[in-house]
J.: 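Structure below; questions to follow.
The model shown is predicted, which means the values in this text are computed figures rather than measured ones. Lettering follows sequence order; numbering is per chain, from 1.
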Amino acid sequence: MLAAQRGQRSAFSALVRMHERRAYAVARSIVANHEDAEDAVQDGFLHAYRALDRFLPDQAFGAWLHRIVANAALDITRRRKVRDADELPETVASPFRDPAEGSELRSRLKAALDALPPRQRSVIVLHDVEGFKHSEIGKILGIPEGTARSDLHYARTYLRSLLGDMRSEQ
Amino acid sequence: MTDEHGGPELVRDDALTATLRAIYRKPTGEAYWAALEGRIMARIEESEAWWSVSDRWLRAGLAAAAAALVLAGAMYFRAQARINRTLAADAIVEVEGLESALAQREPISREEAVLRKLTGHQ
């Protein structure tokens with residue numbers, strides 16, 4: 001870390017290698033697709049690199065970086081909203097399209113996730129998929145821990161009721 | 001299954017969690033992550049190069065702007081001095097012209113005109 005702060009490029013590269021997967025997960029919980037998550041990770045690391053002199057060694061680098069990446073992802077989401085309001089919707093081919101994507105459960109769950117308020121969606125993904133604790137989620141998204149907890153509750157209740165409906169249909 | 005923090009309101013649904021994990025699955029393969037690391041470092045290098053170029057242009061621009069300011073100041077003072085000199089000369093000419101006009105209009109007697117002719121004063 002100190003070497004990276006002294007401007008040693010290889011030291012920062014090692015930090016990227018160590019944290020990029022987790023940074024991607026944070027970004028992906030906020031943005032709508034894989035491509036935007038990649039952009040947010042790149043923007044986040046770039047901002048972190050420029051702000052390295054403001055990083056205090058007694059902080060946890062991961063937590064500091066995740067906050068920056070989350071902000072980059074939120075910026076992308078805001079820009080996309082403005083752009084989507086101006087343009088006709090466009091289908092983007094994803095290199096990570098799952099063959100089972102067409103399954104009804106998954107497609108309905110995806111639709112339900114899209115219908116969730118963005119913060120609730122981020123919270124449930126960060127908690128249930130990535131295993132972050134409520135306190136960590138609060139720091140990443142800049143919300144109180146209690147809010148993260150209640151967001152998780154609402155998101156789970158909503159999605160579970162959807163799954164319940166599907167199960168009773170079968 | 002319940003959460004690590006407990007509480008009935010935070011009961012986890014395993015089927016839901018499994019589906020969420022499938023939807024939000026991260027890309028697999030070291031090659032992908034190595035490529036992403038490469039792209040991140042390339043962006044950092046690009047941005048540093050851009051900043052150093054823009055920094056050089058900024059310094060050159062500031063020097064050019066300072067030189068232009070000095071030149072403009074010098075030209076302004078020269079122009080101002082020229083205007084002042086012209087105004088002063090015009091003032092003198094104006095007074096002299098007025099005097100001669102007044103002299104022309106001054107009525108003189110025949111005797112005085114003869115006297116001026118004799119003495120050589122026109």
Side-chain angles (χ1 to χ4, degrees), chain A residues 7 9-10 12-18 20-25 28-29 34 37-38 41-46 48-50 95-96 98 100-101 103 105-110 112-113 121 124-131 133-134 149-150 152-157 159-160 162-164 166-167, chain B residues 1-70:
Chain A
R9 198 76 61 80
S10 60
F12 191 77
S13 187
L15 285 173
V16 172
R17 210 171 307 133
M18 199 184 298
E20 62 184 342
R21 287 168 176 78
R22 213 61 170 144
Y24 174 90
R28 184 67 187 86
S29 76
H34 165 76
E38 272 190 341
V41 170
Q42 291 181 46
D43 290 352
F45 272 110
L46 186 59
Y49 183 79
R50 287 183 186 155
F96 297 102
D98 191 339
E101 201 174 31
S103 79
L105 172 68
R106 186 174 292 197
S107 60
R108 282 178 70 168
L109 190 57
K110 274 190 163 180
L113 282 164
R121 186 175 61 234
I124 195 169
V125 173
L126 287 171
H127 190 277
D128 285 1
V129 178
E130 297 302 329
K133 292 180 179 142
H134 295 297
R149 185 180 278 268
S150 63
L152 178 65
H153 166 63
Y154 286 118
R156 272 187 184 166
T157 305
L159 295 177
R160 213 171 36 222
L162 178 105
L163 282 178
M166 285 190 70
R167 282 168 189 151
Chain B
M1 186 192 278
T2 56
D3 216 84
E4 76 271 19
H5 296 288
E9 77 280 10
L10 288 176
V11 174
R12 179 182 294 190
D13 185 311
D14 288 339
L16 172 63
T17 305
T19 314
L20 280 174
R21 284 184 178 161
I23 291 171
Y24 284 93
R25 196 183 57 207
K26 282 194 277 284
T28 51
E30 283 306 309
Y32 170 80
W33 296 105
L36 182 60
E37 179 194 333
R39 286 207 297 279
I40 291 166
M41 294 312 293
R43 271 195 66 184
I44 287 171
E45 275 171 35
E46 265 172 38
S47 114
E48 286 207 320
W50 190 89
W51 277 110
S52 65
V53 167
S54 66
D55 201 34
R56 273 203 302 275
W57 277 107
L58 182 70
R59 277 198 294 272
L62 282 174
L69 198 67
V70 168

J.: Looking at every non-hydrogen atom in both residues, tell me the closest pair between A:L109 and B:L20 and how far apart they are.
T.: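 Heavy atoms only, the tightest pair is CD2-N, 4.2 Å.
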J.: Which bit of A:R121 is near chain B, if near means a heavy-atom gap under 4.5 Å: side chain, backbone, both or neither?
T.: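 Contact with chain B: side chain only.
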J.: Parallel, tilted or perpendicular: which one describes the rings of A:Y24 and B:Y32, with boundaries at 30° and 60°?
T.: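 Correct class here is perpendicular.
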J.: Considering all heavy atoms of both residues, which atom of B:A22 and which atom of A:R106 are nearest to each other, and what is their separation?
T.: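 Reported closest heavy-atom pair: CB-NH2, 2.8 Å.
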J.: Under 4.5 Å between any side-chain heavy atoms of A:V41 and B:I40, yes or no?
T.: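 Side-chain contact under 4.5 Å: yes.
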J.: Enter the distance from A:R28:CZ to B:I23:CD1 here, rounded to the nearest 0.5 Å.
T.: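 With rounding to 0.5 Å, CZ (A:R28) is 9.0 Å from CD1 (B:I23).
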J.: Strictly under 6.0 Å, is that where the ring centroids of B:Y24 and A:H127 end up?
T.: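 Aromatic pair excluded; centres sit 6.0 Å or further apart.
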J.: Give, for atom CZ of A:R21 and atom NZ of B:K26, the distance between the pair rounded to the nearest 0.5 Å.
T.: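 Between atom CZ of A:R21 and atom NZ of B:K26 there are 9.0 Å.
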J.: Can you tell me how far apart CD1 (B:I44) and CZ (A:R9) are? Round to the nearest 0.5 Å.
T.: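 CZ of A:R9 is found 7.5 Å from CD1 of B:I44.
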J.: Is the backbone of A:E130 close enough, under 3.5 Å, to the side chain of B:R21 for a donor and an acceptor to pair up by distance?
T.: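 Side chain of B:R21 to backbone of A:E130: no pair is present.
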J.: What closest approach, in Å, do B:A34 and A:E20 show between heavy atoms, and which atom pair accounts for it?
T.: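 So the minimum-distance heavy-atom pair works out to N-OE2, 4.5 Å.
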J.: Do A:V129 and B:R25 have side chains that approach each other closer than 4.5 Å (heavy atoms only, starting at C-beta)?
T.: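 In short, these two side chains do not touch, never coming nearer than 4.5 Å.
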J.: Which value, rounded to the nearest 0.5 Å, describes the distance between B:M41 atom CE and A:Q42 atom CD?
T.: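 Spacing of CE (B:M41) from CD (A:Q42) equals 12.0 Å.
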J.: May I ask you to test the B:S47-A:Y49 pair for a side-chain heavy-atom distance under 4.5 Å?
T.: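 Counting from C-beta outward, B:S47 and A:Y49 never come under 4.5 Å.
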J.: Quick one: does B:E37's side chain get under 4.5 Å of A:F45's, heavy atoms only?
T.: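 No, their side chains stay 4.5 Å or more apart.
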J.: What are the two closest heavy atoms between B:L16 and A:R156, and how far apart are they?
T.: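 Looking at all heavy atoms of both residues, the shortest contact is CD2-O, 4.3 Å.
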J.: Could you tell me whether the side chain of A:L159 reaches within less than 4.5 Å of the side chain of B:T19, counting heavy atoms only?
T.: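 No, their side chains stay 4.5 Å or more apart.
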